[in-house]
Amino acid sequence: MSAKKQETTYSPATNDFFGNVYDVVRLIPKGRVTSYGAIAAYLGSKRGARMVGWALGNGYTQNDLPAHRVVNRNGLLSAKLQFGTPTAMQEKLESEGVQVKDDKVQDWHNKFWDPEKELS
DNA sequence: TAGGTGACTAACG
DNA sequence: GCGTTAGCCACCT
């Protein structure tokens, strides 16, 4: 237990990458969704999409993190199984005004929220 | 210390 | 058009 930061709480100050991921996710407007790749690209690592998903998986323990607004580049709820129930993610999105059908975000292209453009 | 893993993405056959 | 392979980077065992 020295420099180990597996405090499970994963504060936004864990590191820049994680911090930015959480920060960006929290900045996603209600009723909007984005993709792992978009966040990764915003952070400067286009191929860091896996890190984004990984970060969310470890940080989702924080209920303040609207990870349900983050889906893969196809608008598919690839992480729905991580929300406890296969429909939890969809329920959350629909409750925010995002239409989800067949585990896929409807009107994805229009609901897409690009941090590079919105946060620029 | 080194290897494995992962809520992804893009390219290739 | 679909399946497979390779690349990415940081955390965990």
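These numbers come from the heavy atoms of this one structure, side chains and all, not from hydrogens, waters or symmetry mates. Nothing here was measured: the structure is a model prediction, and the numbers come from that model. Lettering of chains follows the sequences in order, A, B, ..., and the numbering in each one begins at 1.
- A:Trp113 CH2 to A:Ser35 OG: the interatomic distance, rounded to the nearest 0.5 Å, is 11.0 Å.
- A:Ile39 places its CD1 atom 16 Å from the P atom of C:dA10, with the value rounded to the nearest Å.
- Checked against B:dA7, C:dC8, B:dT9, the side chain of A:Asn72 finds its nearest nucleotide in B:dT9.
- At whole-Å resolution of the value, CG in A:Leu43 and P in C:dA10 are 11 Å apart.
- Backbone-only contact: A:Gly37 has heavy atoms under 4.0 Å from sugar-phosphate atoms and none from a base.
- Of the residues near DNA chain B, A:Ala79 and A:Arg73, the one whose nearest nucleotide (by heavy atom distance) lies more toward the 5' end is A:Ala79.
- When the P atom of C:dC8 is taken as reference, atom CZ of A:Arg50 falls 11 Å away, rounded to whole Å.
- Remark: P of B:dC8 and CG of A:Leu56 are 10 Å apart, rounded to the nearest angstrom.
- Between A:Glu118 and A:Arg32 there is no salt bridge, since no side-chain nitrogen of the basic residue lies less than 4.0 Å from a carboxylate oxygen of the acidic one.
- Ranking B:dC8, B:dA7, C:dC11 by closeness to the A:Phe18 side chain, first place goes to C:dC11.
- In this structure, A:Tyr36 places its OH atom 16 Å from C1' of C:dC8, rounding to the nearest Å.
- In this model, the phosphate group of B:dC8 is not approached by any side-chain N or O of A:Ser35 to a distance below 4.0 Å at OP1 or OP2.
- Distance, A:Trp54 CH2 to B:dC8 P: 14 Å, rounded to whole Å.
- In the set C:dC9, B:dA7, B:dT9, the nucleotide with an atom closest to the side chain of A:Ser45 is C:dC9.
- Between the CD1 atom of A:Ile28 and the P atom of B:dA7 there is a distance of 18 Å, rounded to whole Å.
- In this structure, A:Trp54 has its ring center under 6.0 Å from that of A:Phe18.
- Listed here is the closest heavy atom pair of A:Phe112 and A:Ala38: CZ-CB, 3.7 Å.
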